[in-house]
Structure formats: structure tokens, C-alpha cells
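Here the structure is laid out as C-alpha cells; the discussion comes afterwards.
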Amino acid sequence: AQKVTQAQTEISVVEKEDVTLDCVYETRDTTYYLFWYKQPPSGELVFLIRRNSFDEQNEISGRYSWNFQKSTSSFNFTITASQVVDSAVYFCALSVGNNNDMRFGAGTRLTVKP
Amino acid sequence: GAVVSQHPSWVICKSGTSVKIECRSLDFQATTMFWYRQFPKQSLMLMATSNEGSKATYEQGVEKDKFLINHASLTLSTLTVTSAHPEDSSFYICSARDQKGNINQPQHFGDGTRLSIL
């Protein structure tokens, strides 16, 4: 069975602080995909990144970076120099198998205060 | 880029009403679409997988007679909440995968439908 755990329910930081959102996943498949999505108050899901299980390279995109470590089954997400506009719920998700249905973590609500 | 349109974005109706939600892939064909439900302050839970031209596959605990799914074309899937009751109030989100190329193409999500049953 597939499972995604986001242990941090809510995080609050002050603007310009760095913040890391944790994601731990479980799967017995050797081929899988990991995702991060941002869900602002308006509700839509904003795609941030997809990473396949064979690519452990870390990735940086502007203020966002991701650390994928298969040894610990983690795919953590760091926002550098956070901004108020980063306030949202962030979901980590896992996709395996031919059908690609996605299993989402519980989400982490990030609040960035000015 | 790929766009998935979901309609309506917001529905308020009386208990006992049936509500249809549409999910359209606007610039690609999707043999598979997914329906998710999200209760307030909770995660997205997969309800069912919609397959074009065949019956949907429902997740355990989801009533197929309550949530009717039709995927009659490669660009449209519909979810009908039959005889909706207040406990069906939720945020419903669909997603679609471009059928071309690798089966592991990323899913594209609609903007969701907020359903409120009075």
C-alpha cells in the first residue's frame, strides 16, 4: 500500500525566514513519482514539482528547493526567504503503478507573517 | 500548457437535489480522469478513477450509486452526486492525464467545485 506522511500540520514563520516542509512516503514499488502541490485559499492545486524514483538529484527553482532521499523515503521541500504569498497548504503526493492515481499527504498549512 | 476545466466552481442547493459536475480536458485527450474529494482542512482523497468508455473504478467506501461517474468522451468526465445531503458538502476536484506518450505523464487538476448542500 502507498502512504504519504506530512507530520507538520501547521507551520508559522515570519517573512524572510527559511522553512522546510517534511514529506515521508511508503511504497513497495520501485518505480514511483513524488509531487508537491500548493493549494492557496482559493482552492486550486498549483503543481510545483514531480520527481521520479530513479532521479535522486536535488532540485532548485528560485526560492524553492527539494531534497529527495530514498534512503530515508523522504522528499522534503524548502522555501528560502519566505514571503507572505507563500502562505498556503502544501501537499506532498505519491503516484505508483500504471494508472497513476495519486495518494496525498495530509498537507501542511504554512502561514508566513509579515 | 494543458488545461483542465471544471464546472461549476460553486454550487449551493437543497438537500435531495442531484448535482452534476463536469471535468473537461481542453487541449488534450484523457482516457483516464480522477475524482477527488476534500473536506475542510483535510487532504484530497481519491474517490474514483474514470475510464473513457468503461465503468469507473471506485475506491473502497465510496458509494457508486451515490456518486455516478460518466466518461463518455476523451475530453469529458462527469460526476453526479445523487440525492445530495449536507454530509456530501465538500470540495470536489478532478484531474486528467494526457493519454499521449508515457503513461506516467503528470496529472492536470481542475480548479475544483465547492458543493454546499443546505
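Convention: sequence-line order gives letters A, B, ...; per-chain numbering from 1. Since the structure is predicted, the reported quantities are computational estimates derived from the model, not experimental observations.
Counting heavy-atom pairs under 4.5 Å between each of A:Gly107, A:Ala106, A:Ala93 and chain B puts A:Ala106 at the top. The most heavy-atom pairs under 4.5 Å with chain A, out of B:Lys41, B:Met45, B:Gln6, B:Gln38, come from B:Gln38.
In A:Lys70, the NZ atom is crowded: over 12 heavy atoms of neighbouring residues, nucleotides or ligands sit closer than 6.0 Å. Counting non-hydrogen atoms of neighbouring residues, nucleotides and ligands closer than 6.0 angstrom, the NZ atom of B:Lys66 exceeds 12 such neighbours. In this structure, B:His7 places its NE2 atom where only 12 or fewer heavy-atom neighbours from other residues, nucleotides or ligands lie under 6.0 Å away. By the neighbour-count criterion of 12 heavy atoms within 6.0 Å, atom CD of A:Gln57 is sparsely surrounded, having that number or fewer from other residues, nucleotides or ligands. More than 12 heavy-atom neighbours from other residues, nucleotides or ligands sit within 6.0 angstrom of CG on B:Leu118.
Linking Ile, Leu, Val, Met, Phe, Trp and Tyr residues whenever their side-chain heavy atoms come within less than 4.5 Å leaves A:Leu94 and A:Val24 in two separate clusters. No continuous path of ILVMFWY side-chain contacts below 4.5 Å connects B:Leu68 to B:Tyr36, so the two sit in separate hydrophobic clusters. No continuous path of hydrophobic side-chain contacts links B:Phe28 to B:Leu74 [ILVMFWY only; heavy atoms under 4.5 Å]. Clustering ILVMFWY residues whenever any of their side-chain heavy atoms sit less than 4.5 angstrom apart, transitively, puts B:Phe39 in a cluster other than the one holding B:Phe109.
In this structure, A:Phe104 and B:Ser43 approach most closely via the heavy-atom pair CB-OG, 3.3 Å.
Proximity to chain B (any heavy atom under 4.5 Å) is restricted, for A:Gln39, to the side chain, taken from C-beta onward. With a 4.5 angstrom heavy-atom cutoff, B:Leu44 touches chain A via backbone and side-chain atoms both. For A:Ser42, the part lying near chain B is the backbone, with the side chain staying farther off; criterion is any non-hydrogen pair under 4.5 Å.
Residues B:Val11, B:Val19, B:Ile21, B:Trp35, B:Met47, B:Tyr58, B:Val62, B:Phe67, B:Ile69, B:Leu79, B:Val81, B:Tyr92, B:Ile117 make up the rest of the hydrophobic cluster containing B:Leu115, defined by ILVMFWY side-chain heavy atoms closer than 4.5 Å, directly or through other members.
Side-chain contact between A:Met102 and B:Leu46 is absent, with no heavy atoms from C-beta onward closer than 4.5 Å.
In this structure, CD in B:Gln107 is found 12.5 Å from OH in A:Tyr33, a value given to the nearest 0.5 Å.
Within residues 81-91 of chain A, the residues that have a heavy atom under 4.5 Å from a heavy atom of chain B are A:Phe91, listed by number.
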